[in-house]
Participant: 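Would you mind keeping the following structure in view while I ask a few things?
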Amino acid sequence: MASHRAAAAHRRRSTGPAPSLTGPASDIHPVLRRDGAPPAALDLLAQARSGLDEAAVLETPNERYATAHLAALRTAAAVLAARGRPETEPHRRRRIRTAWEVLSEIAPELTEWSALFASGATRRARAEAGIPGAATGRDADDLIRDAAMFLRLVERLLVLQPLLPQPRPREPDAG
């Protein structure tokens with residue numbers, strides 16, 4: 001009986017110590033996991049992908065441009081759905097901000113993308129209004145390509161998120 005206990009103790013020691021419940025998490029590495037994003041964000045990514053597919057086959061440059069820009073906006077909305085935080089300031093009247101402005105706050109690594117798509121918002125509005133020549137074929141093609149790259153980047157960012165251990169609450173000092 002004692003030999004069984006000794007063998008079990010040896011097996012436990014040979015695999016290394018169990019992680020401490022109260023110690024540092026320095027020995028824990030992030031693990032990539034699929035479906036790290038909430039369902040609403042995944043749905044927005046699917047809508048964006050569908051919008052890009054639609055934009056690629058539309059005939060007029062205005063329609064293609066507006067549809068591709070909307071796909072980029074849905075992609076940004078997916079990031080906001082996954083990372084958005086409620087306002088912590090008291091309710092006071094604030095100016096309305098665009099999704100592109102909020103995106104650069106929530107995901108600073110996407111600031112250049114925010115600026116790119118924000119700069120195309122006026123053109124999209126003109127294209128949606130049917131103003132002739134609001135977007136050229138080249139404008140539409142470039143935007144479709146940029147929106148597709150943005151979508152792939154955000155999919156990688158949201159769907160393959162590293163899962164890190166949550167910080168432990170600190171115990172109050174006893175002294």
Participant: Taking side chain to side chain donor-acceptor pair (under 3.5 Å) as the definition, give me every residue that meets it alongside Glu112, ordered by chain and number, with sequence neighbours left out.
Facilitator: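 With sequence neighbours excluded, Glu112 shows a side chain to side chain donor-acceptor pair (under 3.5 Å) to no residue whatsoever.
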Participant: What residue pairs, at least two apart or across chains, pass salt bridge (charged side-chain N to carboxylate O under 4.0 Å, His left out) with a residue in residues 43-54?
Facilitator: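 Output for this query lists Arg49-Glu155.
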Participant: Please report the interatomic distance OH(Tyr65) to CZ(Arg124), rounded to the nearest 0.5 Å.
Facilitator: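 One gets 9.0 Å once the value is rounded to the nearest 0.5 Å.
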Participant: Looking at every heavy atom in both His69 and Ala121, which two are closest together, and how far apart are they?
Facilitator: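 The answer is NE2-N, 3.6 Å.
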Participant: Locate the shortest heavy-atom distance separating Ala71 from Leu52; write the atom from each residue and the value.
Facilitator: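 Ala71 and Leu52 have their closest heavy atoms at CB-CG, 3.8 Å.
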Participant: Looking at every heavy atom in both Ala107 and Arg83, which two are closest together, and how far apart are they?
Facilitator: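 Minimum heavy-atom separation between Ala107 and Arg83: CB-NH1, 3.4 Å.
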Participant: So Leu158 and Leu42, do their side chains get closer than 4.5 Å, heavy atoms only?
Facilitator: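 Answer no - side chains too far apart.
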Participant: Ala147 and Ala72: which non-hydrogen atoms are nearest, and at how many Å?
Facilitator: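 The answer is CB-CB, 4.1 Å.
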Participant: Can you name the nearest heavy-atom pair linking Ala76 to Phe150, along with the distance?
Facilitator: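 So the minimum-distance heavy-atom pair works out to N-CE2, 3.9 Å.
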Participant: Where the side chain of Glu101 meets the backbone of Thr98, is there a donor-acceptor pair that is under 3.5 Å apart?
Facilitator: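 Answer holds: yes.
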Participant: Any side-chain heavy atom of Phe117 within less than 4.5 Å of one from Thr75?
Facilitator: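 Contact flag for Phe117/Thr75 side chains = no.
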Participant: Working to the nearest 0.5 angstrom, can you tell me the gap between Asn62 CG and Glu128 CD?
Facilitator: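 Output value for this atom pair is 10.0 Å.
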Participant: Side-chain heavy atoms under 4.5 angstrom apart, residues restricted to Ile, Leu, Val, Met, Phe, Trp, Tyr: same cluster for Leu143 and Leu58?
Facilitator: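 Leu143 does not cluster with Leu58.
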Participant: Just how far is it from atom CZ of Arg152 to atom CG of Leu45, taken to the nearest 0.5 Å?
Facilitator: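 Arg152 CZ to Leu45 CG: 13.0 Å, rounded to 0.5 Å.
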Participant: Counting only N and O atoms by type, is there a donor-acceptor contact under 3.5 Å from the side chain of Asp139 to the main-chain atoms of Pro61?
Facilitator: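 It does not hold such a pair.
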Participant: Ignoring hydrogens and angles, state whether a donor on the side chain of Thr60 or Glu63 is under 3.5 Å from an acceptor on the partner side chain.
Facilitator: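 Checked: Thr60/Glu63 side chains pair up, N/O donor to acceptor below 3.5 Å.
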Participant: For a quick test of reading the model, state the closest non-hydrogen atom pair linking Pro38 to Ala81 and the distance between them.
Facilitator: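 Result for this residue pair: CG-O, 3.9 Å.
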Participant: Treat each ILVMFWY residue as a node, draw an edge where side-chain heavy atoms are under 4.5 Å apart, and state whether Leu73 and Trp113 are in one component.
Facilitator: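 In one cluster: yes.
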Participant: Verify the cluster assignment for Ile106 and Val154: are they in a single hydrophobic cluster under the rule of side-chain heavy atoms below 4.5 Å apart?
Facilitator: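 Same cluster.
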Participant: Please walk me through it: do Glu105 and Thr111 pass side-chain contact (heavy atoms from CB on, under 4.5 Å)?
Facilitator: CA-CA 8 Å; Glu105 274 180 30; Thr111 298; over 6 Å; no
Participant: Say you draw a straight line from CG of Leu103 to CD of Glu109; how long is it, rounded to the nearest 0.5 Å?
Facilitator: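 So the gap between those two atoms works out to 8.5 Å.
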Participant: Please round to the nearest 0.5 Å and tell me the distance separating atom CG of Leu44 and atom CG of Leu80.
Facilitator: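 The CG atom of Leu80 is 9.5 Å from CG of Leu44, to the nearest 0.5 Å.
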